[in-house]
Amino acid sequence: MKRTMKTMAVAASLAMSAAAMGQESMYTQAATMPSPGAFSYRPGFHYFRYGADPVDANSDRTDKYEFMNSVSYGIVRNWAVTVDVPVVWENEKFNDGTSDSDKGVEDIEAMVKWRFYQSDSGTIDTIRAAALFGAHFASGDDDDFSSESVNPMIGGVITIVRGRHGFNQDLIYTWNTGGTREANLGGEGPDDALAFNTSWVFRLYPDRFTSEHSGGLYSTLELNGLYETNGDTEVRLSPGLMWEDRKWTAELMMQLPLWEDVDERPTLEFGIGVGLRISF
């Protein structure tokens, strides 16, 4: 009897962990966060290829390599803070066969998440909503990478989990008080930006968690949208896979252009991202 109860407790603990953390995909926020006093570290490598700059006749394409370091900390119940530090290397190729490369640190993002609503209707099933607020601020690098300003942001996210399905919808507005058009590859220029992202997470394995399972395999599908107040708008399609264990998660994503109406910056041709999430 005791062994049966222990097995059920382990399975329930794993299932609750899946509901709490397994619904966050790579490019969309989720109304999840570390427990009070706990940390999570999320390193990720991203490669993006952009096409020609529409306002530079000599531009051919830009390759961007980004190493993102993200640390989250649970402050108290329902409150957490996340700091993102993106280290990048860019290579721009021109129509005359020449190229130019540079490396640096883009604006650092500090974001506070306040989960103001949570309704759990089962071991896994839940509805959660959180407010997001913070700022992008100057890294200290030059204007090739840093806006050299403080750019406030505010938004929200809702997360819904039903059985093997998870859904996230976020909406984040950023007031850009600095930045240059020349350094803008999306949301980093002098115009304000509205990000709107949707994700669907589906647990491929297992059908149900038991004490025999240490983790789960998920498919992810995202729609990542960005509107800038100069009128530039794009939506990207981002399919991926994710393995979540009890203390770590590995993820693999791809980004493809789905819809673009962009006149003042290069457009995405494709992107690839790999990452880890480690809980402490």
Side-chain angles (χ1 to χ4, degrees), residues 26-29 42 44 46-59 61-72 81-92 94 100-114 131-157 170-197 224-236 255 260-268 271 273:
M26 185 172 285
Y27 303 113
T28 303
Q29 294 288 334
R42 189 176 186 178
H46 309 271
Y47 166 71
F48 302 99
R49 171 166 290 183
Y50 295 88
D53 190 332
V55 296
D56 183 353
N58 194 32
S59 172
R61 76 166 193 248
T62 299
D63 295 308
K64 178 179 179 178
Y65 304 82
E66 177 188 79
F67 179 49
M68 175 65 76
N69 293 275
S70 180
V71 178
S72 298
V81 61
T82 300
V83 177
D84 295 337
V85 182
V87 180
V88 301
W89 182 77
E90 291 182 3
N91 182 52
E92 185 175 6
F94 305 104
D100 180 53
S101 62
D102 199 1
K103 60 182 182 295
V105 180
E106 293 185 331
D107 282 358
I108 297 169
E109 177 185 306
M111 183 181 71
V112 175
K113 184 185 294 185
W114 168 42
L132 312 170
F133 47 94
H136 303 264
F137 57 90
S139 65
D141 213 321
D142 59 30
D143 61 6
D144 288 337
F145 293 99
S146 174
S147 68
E148 301 181 324
S149 61
V150 177
N151 308 298
M153 53 175 284
I154 190 169
V157 59
D170 72 30
L171 192 68
I172 304 172
Y173 191 89
T174 302
W175 289 271
N176 284 322
T177 62
T180 64
R181 196 213 62 77
E182 291 77 15
N184 182 29
L185 291 175
E188 304 159 341
D191 301 290
D192 293 350
L194 176 67
F196 48 99
N197 301 290
N224 306 119
L226 179 66
Y227 166 78
E228 295 173 285
T229 52
N230 62 3
D232 283 0
T233 308
E234 68 172 333
V235 179
R236 301 175 182 179
Q255 281 202 325
E260 296 175 331
D261 182 13
V262 177
D263 298 319
E264 297 189 21
R265 59 177 171 83
T267 56
L268 179 77

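Atoms considered below: every heavy atom in the structure, side chains included; atoms not considered: hydrogens, waters and symmetry mates.
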Quiz item: Would you find a donor on one side and an acceptor on the other, under 3.5 Å apart, between the side chain of N151 and the backbone of T177?
Solution: yes
Quiz item: Counting heavy atoms not belonging to W175, are there more than 12 under 6.0 Å from its CH2?
Solution: yes
Quiz item: Are the side chain of D143 and the backbone N or O of S146 linked by a donor-acceptor pair below 3.5 Å?
Solution: no
Quiz item: Given side chains that start at C-beta, do those of T267 and E234 come closer than 4.5 Å, heavy atoms only?
Solution: no
Exercise. Any chance you could measure D261, atom CG, to D232, atom CG, to the nearest 0.5 Å?
Key: 7.0 Å
Quiz item: Can you name the closest pair of heavy atoms from P266 and P54 and give their distance?
Solution: N-CD, 3.9 Å
Quiz item: Roughly how far, to the nearest 0.5 Å, is the CG atom of D144 from the OG1 atom of T180?
Solution: 7.5 Å
Quiz item: Are any of the side-chain heavy atoms of Y173 and T229 separated by less than 4.5 Å?
Solution: yes
Quiz item: D84 versus M68: any side-chain heavy-atom pair under 4.5 Å?
Solution: yes
Quiz prompt | Counterpart residues, ring pair (Phe, Tyr, Trp, His ring centres under 6.0 Å), relative to Y47 (two or more places apart) | solution = Y65, F270
Quiz item: After noting the C-alpha distance and the side-chain angles of R181 and D56, does the key distance pass the salt bridge (Lys or Arg N to Asp or Glu O under 4.0 Å) rule?
Solution: CA-CA 11 Å; R181 196 213 62 77; D56 183 353; over 6 Å; no
Practice problem: Kindly write out the residues that satisfy ring pair (Phe, Tyr, Trp, His ring centres under 6.0 Å) with Y27, not counting sequence neighbours, or none if the list is empty. | Solution: H46
Practice problem: Calculate, to the nearest 0.5 Å, the distance between atoms CZ and CZ belonging to R61 and R49 respectively. | Solution: 3.5 Å
Exercise. Could you tell me which non-hydrogen atom of G271 sits nearest to which non-hydrogen atom of F48, and how far apart they are?
Key: CA-CD2, 3.9 Å
Quiz item: Do S147 and E188 have side-chain heavy atoms sitting under 4.5 Å apart?
Solution: no
Practice problem: Taking all heavy atoms of G187 and all of A193, pick out the closest pair and write down the distance. | Solution: CA-CB, 4.0 Å
Self-check item: Any donor-acceptor pair under 3.5 Å from D107 side chain to H136 backbone
Solution: no
Exercise. Could you check if a side-chain atom of E90 sits within less than 4.5 angstrom of a side-chain atom of F145, using non-hydrogen atoms only?
Key: yes
Quiz item: Are the side chains of V235 and F196 in touch, meaning some heavy atoms are under 4.5 Å apart?
Solution: yes
Quiz item: Which heavy atom in S59 sits nearest to a heavy atom in E92, and how many Å separate them?
Solution: OG-OE2, 3.7 Å
Quiz item: Out of curiosity, E66 CD to L185 CG, how far, rounded to the nearest 0.5 Å?
Solution: 10.5 Å
Quiz item: CG of D142 to CG of D102: how many Å apart, nearest 0.5 Å?
Solution: 6.5 Å
Quiz item: Between the side chain of D170 and the main-chain N/O of T28, is any donor-acceptor distance below 3.5 Å?
Solution: no
Quiz prompt | Test side-chain hydrogen bond (donor to acceptor under 3.5 Å, both in side chains) applied to N176 and E228, step by step | solution = CA-CA 10 Å; N176 284 322; E228 295 173 285; 5.8 Å; no
Quiz item: Going from CG on L226 to CD1 on I172, what distance comes out if it is rounded to the nearest 0.5 angstrom?
Solution: 11.0 Å
